Amino acid sequence: MSRLLHRDTVPPVPAAELTARSADGSRIHVELHGPEGAPAVVLAHGWTCNTRFWDAQIRDLAADHRVIAYDQRGHGLTPEPGPGGYSTNALADDLEAVLAATLAPGRRAVLAGHSMGGMTVMAAAARPGLREHAAAVLLCSTGSTRLAAEARVLPLRAGALRTRITTAVLGAKAPLGPVNPVSRKILKYATMGAGSAPDRVDACARIVHACPRRARVEWGHVLAELDLAAGVRELRVPTAVIAGTDDRLTPPVHARAIAAALPVGLGLTELAGMGHMTPVEAPEAVTAKIRELVTRYVATGTAAERKAATAEKEDVA
């Protein structure tokens, strides 16, 4: 049973909260969970979501990790953006701002991004801030290009008509309305596997329906025109990829293309029967992969740094 909590129950309590300032002055809401000196993990959520999307991961990892989660611009507790507006460049700026605000110079972390959060990491791949702070990356249920063309939400044959309608849906201005049995059924069909538990469907519905309409629409336009293929090739840190076999929004064809193009790829894990919301649908698998990356690329380095610092002090003495 998932320990993911809804917005109307008590969410994981952060050890601290802060506001990062992006390059255009936009304020980015950041939560910090777990021990300050523990190995660090940074979580970037996807389109129409917020930090609550990661509740299962936060509750598990915060016992022995410093977990840093933030709301993308226009989502959750992060207000509408400044002059930088909505763009992949702005996503990269925001991630760099969060890393600079939460990690000391040279401190490295595992970066995990779901959907648009993964796109954020790809957009920032060549940025100095990412290269300084990223020890390893996990990309969950994401794509780098041709999102509208490859999406299978609409039961139509692949082609120009389906692409045009999907593009229109991504930028649709109609309100989502309240969470009810009909809206849950629609959300489950579009974003989750057929076997998803009702509590997990309800949790995702509450998160998605809480997204401000303007952010949903503006980011929908960005996603429809997305092209981050160059960012994949610039992601020069160890990177693992996770995808659901039944993902209609970013079908596994995206994950396979990304995994094949990564300079330091760690392979692709395809989760049978899972849809687009893998951190919620399969929280144990996603959390286990994050822990694996921390153990391999962060915890060892942290121990080595401590050993070197102790030796240096002994030499001085």
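Not measured: the values here are computed from a predicted model. Note that these values count all heavy atoms, side chains included, but never hydrogens, waters or copies made by symmetry.
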If we ignore hydrogens and angles and just use 3.5 Å, is the side chain of Lys188 paired with the main-chain N or O of Ala194 as donor and acceptor?
yes
So does Glu17 have more than 12 non-hydrogen atoms from other groups sitting under 6.0 Å from CD?
yes
Are the side chain of His29 and the backbone N or O of Thr19 linked by a donor-acceptor pair below 3.5 Å?
no
Rounded to the nearest 0.5 Å, what's the gap from CG on Leu154 to CG on Leu161? Could you check?
9.0 Å
Test salt bridge (Lys or Arg N to Asp or Glu O under 4.0 Å) applied to Glu80 and Arg27, Arg214, Arg213, the passing residue:
Arg214
Distance, nearest 0.5 Å, that separates CG of Asp202 from CZ of Arg206:
4.5 Å
Would you find a donor on one side and an acceptor on the other, under 3.5 Å apart, between the side chain of Arg146 and the backbone of Glu150?
no
Report the residues that fulfil side-chain contact (heavy atoms from CB on, under 4.5 Å) with Asp24, sequence neighbours left out, ordered by chain and then residue number.
Ser22, Ser26, Arg73, Pro83
Rounding to 0.5 Å, atoms CD (Glu132) and CZ (Arg108) come to a distance of 8.5 Å
Would a 4.5 Å heavy-atom cut-off, applied to side chains only, mark Leu223 and Met116 as touching?
yes
State, without any angle test, whether Thr78 and Gln72 hold a side-chain donor-acceptor pair at a distance under 3.5 Å.
no
Check step by step if side-chain contact (heavy atoms from CB on, under 4.5 Å) holds for Leu91 and Val222.
CA-CA 11 Å; Leu91 290 175; Val222 173; 5.7 Å; no
Do Arg248 and Tyr189 form a cation-pi contact, if we require the NZ or CZ to be under 6.0 Å from the six-membered ring centre and within 45 degrees of the ring's axis?
yes
Check for a donor-acceptor pair, side chain of Arg152 on one end and backbone N or O of Asp247 on the other, with a separation under 3.5 Å.
yes
Determine whether Ile290 and Gln57 make a side-chain contact, defined as any pair of heavy atoms from C-beta on separated by less than 4.5 Å.
yes
Sub-4.5 Å side-chain heavy-atom contact between Tyr86 and His221:
no
Nearest atoms (heavy-atom pairs only) where Leu99 meets Leu130
CD1-CA, 4.1 Å
What's the separation between atom OG1 in Thr145 and atom CG in Asp227, rounded to the nearest 0.5 Å?
4.0 Å
Spell out, yes or no, whether Leu139 and Ile242 are grouped together once hydrophobic residues are joined by side-chain heavy atoms under 4.5 Å, including indirect joins.
no
Taking every non-hydrogen atom, the tightest pair across Ala56 and Pro283:
CB-CB, 3.6 Å
Quick check for you: to the nearest 0.5 Å, what is the distance between Leu95 atom CG and Met122 atom CE?
12.0 Å
Output, in order, the C-alpha distance, side-chain angles, deciding distance and verdict of salt bridge (Lys or Arg N to Asp or Glu O under 4.0 Å) for Glu234 and Arg236.
CA-CA 6 Å; Glu234 289 291 337; Arg236 304 180 187 280; 3.7 Å; yes
With distance as the sole test, does Arg66 use its side chain to make a donor-acceptor pair with the main-chain N or O of Thr102 at under 3.5 Å?
no
Please answer whether the main-chain N or O of Glu284 pairs with a side-chain N or O of Thr287 as donor and acceptor at a distance below 3.5 Å.
no
Would you check if the side chain of His75 reaches a backbone N or O of Asp71 as a donor-acceptor pair within less than 3.5 Å?
no
Using a strict cut-off of less than 4.0 Å between a Lys/Arg side-chain nitrogen and an Asp/Glu carboxylate oxygen, indicate whether Arg127 and Asp93 qualify as a salt bridge.
yes
Output, in order, the C-alpha distance, side-chain angles, deciding distance and verdict of salt bridge (Lys or Arg N to Asp or Glu O under 4.0 Å) for Arg59 and Asp55.
CA-CA 6 Å; Arg59 289 184 176 282; Asp55 276 1; 5.3 Å; no
Using side-chain heavy atoms (C-beta onward) and a distance below 4.5 Å, is Ile68 in contact with Val41?
no
Search all heavy atoms of Ala149 against all heavy atoms of Thr163 and return the closest pair with its distance.
CA-OG1, 3.4 Å
Minimum heavy-atom separation for Val298 to Pro39, with atom names?
CG1-CB, 3.8 Å
Ser196 side chain to Gly193 backbone, donor-acceptor under 3.5 Å:
yes
Ser141 pairs by side chain to side chain contact (heavy atoms under 4.5 Å, CB included) with which of Leu249, Val286, Thr278?
Thr278
With Thr239, which of Ile258, Val137, Leu111 fulfils side chain to side chain contact (heavy atoms under 4.5 Å, CB included)?
Val137
Would you check if Leu262 and Val241 make a side-chain contact, meaning some heavy-atom pair closer than 4.5 Å?
yes
Backbone of Arg216 reached by a side-chain donor or acceptor of Trp47 within 3.5 Å:
yes
Could you check Val169 against Val153 for side-chain contact (heavy atoms from CB on, under 4.5 Å), going step by step and ending with a plain yes or no?
CA-CA 10 Å; Val169 170; Val153 174; over 6 Å; no
Shortest non-hydrogen contact between Ala109 and Leu103, atoms and distance
CB-CD1, 4.0 Å
Does the salt bridge (Lys or Arg N to Asp or Glu O under 4.0 Å) test come out yes or no for Glu31 and Arg52, once each step is laid out?
CA-CA 11 Å; Glu31 297 178 3; Arg52 294 285 66 77; 3.4 Å; yes
Any chance you could lay out the side-chain contact (heavy atoms from CB on, under 4.5 Å) test for Tyr70 and Leu43, step after step, and finish with the verdict?
CA-CA 7 Å; Tyr70 71 99; Leu43 304 175; over 6 Å; no
Can you find a pair of side-chain heavy atoms, one from Ile207 and one from Met277, that are under 4.5 Å apart?
no
Where Leu266 and Arg296 come nearest, the two heavy atoms and their spacing:
CD2-NH1, 4.1 Å
Carboxylate-amine/guanidinium proximity below 4.0 Å for Arg291 and Asp60:
yes
Sequence neighbours left out, what pairs pass salt bridge (Lys or Arg N to Asp or Glu O under 4.0 Å) with at least one residue falling in residues 251-273?
Arg256-Glu270
Which distance, rounded to the nearest 0.5 Å, do you find between the OG of Ser183 and the CG of Leu176?
8.5 Å
N/O donor-acceptor pair under 3.5 Å between Glu281 side chain and Gly275 backbone:
yes
Decide yes or no on side-chain contact (heavy atoms from CB on, under 4.5 Å) for His254 and Leu147, but give the supporting numbers first.
CA-CA 8 Å; His254 293 294; Leu147 299 188; 3.9 Å; yes
With sequence neighbours left out, the residues meeting ring pair (Phe, Tyr, Trp, His ring centres under 6.0 Å) with His276 are His114
